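Note that the coordinates shown come from a computational prediction; the quantities given were computed from them, not determined experimentally.
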Amino acid sequence: MEALPSPLESARFIAEHSRDVSVEEEGARRLAEALFDKASAEEFGVAGWKRLHELNPRAASEEAVSWVFLVDTLNFSFWAERDDHKCLVKYRGKTYSGYWSLCAAVNRALDDGIPITSASYYATMTLEQVKHVFRSDTEAPMPLIEERHRVLNESGTVLLEKFGGSFLTCVKMSKKSAQKLLHLVVENFPSYRDEAMFENKKVSFYKRAQILVADTWSVLEGKGDGCFGDISSLTIFADYRIPQVLVHFKAMKYSEELMKKLREGAIFQSGDKQEVEIRGCSIWCCALICKHLLELYEKKGQDMREKINAVLLDYYLWDYARDHREDMKDIPFHRVRCIYY
């Protein structure tokens, strides 16, 4: 495979040539200042990944790594066409929507004795089995169920043929490098190749591949095989929630034309120019926020390079977007039906 510019290099290029989305340097600085006290709190750290989210695995085991691989392989396209037509999954007395409906469905299947995190199982799953495991408790099915079936079969087959059926083998091969693991994932699993053309240049985002590396780091608590010394080389995971929260905080701005389109509920195609601008500028904006945060701590005589990175910033902003939906309802998110996010 040809080496493409990294997501960070791609983001810089997109931000420099973007027409309908702009990164607001002053807004990014203000958001960094607002996050200053939170960045040293526990919920901003890797421990928060397990503590704050009850559906995530508690153990740092091979089974937990397999859970992370399965979930991130299917971590795409959860937005509902209408608020009253959502895929919801009930699990242990609670009802989950969006990404968490996927996690709840996986845990429900495991409780029912279905070996859903085993590559030898999902490599040969039928569409009917996939529909059963990811069934909704409403009339709205989980979106793109046929694509989920295809991606499961494909990824399970690759794991069996190249990595002995275990994603942990892939993690060990990376020799504690986030970048090496990222490249192994993108090279071997076709559904993770989140790339586009922009201004006649190929660019990369690798949203799901990067979140897979980050979640592996988180589930292993940054220790042992998950001790990635270069974790801060990852960017945020460009999806539809992070741009919304950045515009809400005035760290990013949309043109009137783009805002009108979003308010009218336009559906973009993966790779559309404006869609690429939204994602690329989000990555670049968050890189600036991290830079400003580190500078603020440096002024206080604290070196926070081990504690502040785009992964933890993404986790924090994504949770913020979920918890403050009412505050942000005047900022529309962009809609794309695709397997990349």
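- Salt bridge Lys291/Glu295: present, at least one basic N to carboxylate O contact under 4.0 Å.
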> Does the pair Ile289 and Leu246 meet the rule for a side-chain contact (heavy atoms from CB on, under 4.5 Å), with working shown?
Replying inline: CA-CA 10 Å; Ile289 293 166; Leu246 293 173; 3.8 Å; yes

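- Of all non-hydrogen atoms in Lys180 and Ser177, the two that sit nearest each other are N-OG, 3.0 Å.
- At a threshold of 4.0 Å, the pair Arg29-Glu33 does not count as salt-bridged, since none of the basic side-chain nitrogens sits closer than that to a carboxylate oxygen.
- Side-chain contact between Leu168 and Phe163 is absent, with no heavy-atom pair separated by less than 4.5 Å.
- Shown here is Lys253, whose NZ atom has no more than 12 heavy atoms of other residues, nucleotides or ligands within 6.0 Å.
- Criterion: ILVMFWY side-chain heavy atoms under 4.5 Å apart, direct or through other members. Under it, Ile145 and Leu74 are part of a common hydrophobic cluster.
- Side chains of Asp215 and Tyr315: a donor-acceptor N/O pair is present below 3.5 angstrom, by distance only.
- Aromatic ring centroids of Tyr341 and Phe78 lie 6.0 Å or more apart.
- No donor-acceptor distance shorter than 3.5 angstrom exists from the side chain of Arg82 to the backbone of Ala80, with no hydrogens or angles considered.
- Looking only at side-chain heavy atoms (C-beta outward), Ile14 and Trp284 stay at 4.5 Å or farther from each other.
- Under the 4.5 Å side-chain heavy-atom criterion for Ile, Leu, Val, Met, Phe, Trp and Tyr, Trp318 and Phe249 are members of the same hydrophobic cluster.
- At least one cation-pi condition fails for Lys273 and Phe198: the charged atom is not both under 6.0 angstrom from the six-membered ring centre and inside a 45 degree cone around its axis.
- Look at Lys260 and Glu264 and you find a salt bridge, because one of the NZ, NE, NH1 or NH2 atoms lies within 4.0 Å of a carboxylate O, short of that distance.
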>> Between Arg108 and Asp137, does the salt bridge (Lys or Arg N to Asp or Glu O under 4.0 Å) criterion hold? Intermediate values first, please.
In response: CA-CA 12 Å; Arg108 176 180 65 185; Asp137 286 300; 3.6 Å; yes

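- Annotation: cation-pi geometry satisfied between Arg279 and Phe205 (NZ/CZ under 6.0 angstrom from ring centroid, within 45° of ring axis).
- Asn309 and Ser232 form no side-chain donor-acceptor contact under 3.5 Å, judged by distance and modelled atom types alone.
- Here Met304 contributes atom CE and Glu298 contributes atom CD; the two are 11.5 Å apart, rounded to the nearest 0.5 Å.
- With rounding to the nearest 0.5 Å, the separation of OG in Ser218 from NE2 in His53 is 9.5 Å.
- The number of heavy atoms from other shown groups lying within 6.0 Å of CZ (Arg12) does not exceed 12.
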> Under the side-chain hydrogen bond (donor to acceptor under 3.5 Å, both in side chains) criterion, do Gln210 and Thr235 qualify, and how do the steps go?
Replying inline: CA-CA 8 Å; Gln210 292 199 95; Thr235 70; 2.8 Å; yes

> Given the rule in the side-chain contact (heavy atoms from CB on, under 4.5 Å) test, do Asp72 and Tyr192 qualify, once you have shown the distances and angles that lead to the verdict?
Replying inline: CA-CA 10 Å; Asp72 285 331; Tyr192 281 92; 4.0 Å; yes

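- No side-chain heavy atom of Arg148 sits under 4.5 Å from any side-chain heavy atom of Phe134.
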> Could you go step by step and tell me if Arg263 and Glu256 meet the salt bridge (Lys or Arg N to Asp or Glu O under 4.0 Å) rule?
Replying inline: CA-CA 10 Å; Arg263 290 197 199 286; Glu256 281 180 31; over 6 Å; no

> Taking it one step at a time, do Tyr99 and Val71 satisfy side-chain contact (heavy atoms from CB on, under 4.5 Å)?
Replying inline: CA-CA 9 Å; Tyr99 163 75; Val71 164; 3.4 Å; yes

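- Leu184 is not connected to Leu160 by any chain of hydrophobic side-chain contacts under 4.5 Å among Ile, Leu, Val, Met, Phe, Trp and Tyr, and they are in different clusters.
- Contact of the Tyr91 side chain with the Ser101 side chain is not registered, since no non-hydrogen atoms from C-beta on lie closer than 4.5 Å.
- Among Val68, Val151, Val185, Ile339, the one residue that satisfies the side-chain contact (heavy atoms from CB on, under 4.5 Å) test with Thr73 is Val151.
- Under the 30°/60° scheme for interplanar angles, the aromatic rings of Phe189 and Phe167 are found to stand perpendicular.
- Between atom CD1 of residue Ile283 and atom CG of residue Asp314 there is a gap of 10.0 Å, rounded to the nearest 0.5 Å.
- Both Phe76 and Val213 belong to a common hydrophobic cluster when Ile, Leu, Val, Met, Phe, Trp and Tyr are linked at side-chain heavy-atom distances under 4.5 angstrom.
- Of the charged side-chain nitrogens involved, none lies within less than 4.0 Å of a carboxylate oxygen, so that Glu24 and Arg30 do not count as a salt-bridged pair.
- The closest side-chain donor-acceptor pair between Trp67 and Asn107 falls under 3.5 angstrom.
- Between the side chains of Ser166 and Glu62, at least one donor N or O lies within less than 3.5 Å of an accepting N or O.
- For the pair Arg208/Asp194, no side-chain contact is recorded, criterion being any heavy-atom separation below 4.5 Å from C-beta on.
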>> salt bridge (Lys or Arg N to Asp or Glu O under 4.0 Å), that's the test. Do Glu257 and Arg19 meet it? Break it down for me.
In response: CA-CA 11 Å; Glu257 179 203 329; Arg19 191 179 71 85; 3.4 Å; yes

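- Atoms CZ and CG, from Arg193 and Asn188 in turn, are 8.0 Å apart once rounded to the nearest 0.5 Å.
- Within the 4.5 Å cutoff, the side chain of Tyr122 has heavy atoms near those of the Leu159 side chain.
- Within a 6.0 Å sphere centred on CD of Gln269, other residues, nucleotides and ligands contribute 12 heavy atoms or fewer.
- Within the 6.0 Å centre-distance limit, the rings of Tyr297 and Phe36 are counted as a close aromatic pair.
- Applying the 6.0 Å contact sphere to CZ of Arg322 captures more than 12 heavy atoms from other residues, nucleotides or ligands.
- Two residues are said to be in side-chain contact when any heavy atoms from C-beta on lie closer than 4.5 Å; Leu55 and Val106 fail this criterion.
- A donor-acceptor pair under 3.5 Å is formed between the side chain of Thr138 and the backbone N or O of Lys86.
- The cationic atom of Arg241 (NZ for Lys, CZ for Arg) lies less than 6.0 Å from the six-membered ring centre of Phe333 and within 45° of the ring axis.
- Between the side chains of His292 and Glu25, at least one donor N or O lies within less than 3.5 Å of an accepting N or O.
- For the atom pair NE2 (His132) and OG1 (Thr126), the distance works out to 10.5 Å, reported to the nearest 0.5 Å.
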>> Between Lys94 and Glu54, is the salt bridge (Lys or Arg N to Asp or Glu O under 4.0 Å) condition met? List the steps.
In response: CA-CA 11 Å; Lys94 281 178 99 168; Glu54 72 265 14; 3.1 Å; yes

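- Counting heavy atoms from C-beta outward, Met142 and Leu102 have side chains that approach closer than 4.5 Å.
- With hydrogens and angles disregarded, a donor-acceptor distance shorter than 3.5 Å links the side chain of Asp303 to the backbone of Arg305.
- Taking the six-membered ring where tryptophan is involved, the planes of Tyr240 and Trp79 are perpendicular, since the angle between them exceeds 60° and thus also 30°.
- Here OH of Tyr254 is found 10.0 Å from OG of Ser18. Values are rounded to the nearest 0.5 Å.
- Residues Met173 and Trp217 share a hydrophobic cluster, clusters being chains of Ile/Leu/Val/Met/Phe/Trp/Tyr side chains in contact below 4.5 Å.
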>> Please evaluate residues Phe13 and Lys201 with respect to the criterion side-chain contact (heavy atoms from CB on, under 4.5 Å), reporting the C-alpha separation (whole Å), side-chain torsions for both, the decisive distance (0.1 Å), and the verdict.
In response: CA-CA 9 Å; Phe13 176 74; Lys201 186 174 173 175; 3.7 Å; yes

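- There is no side-chain donor-acceptor pair under 3.5 Å between Asp230 and Gln179.
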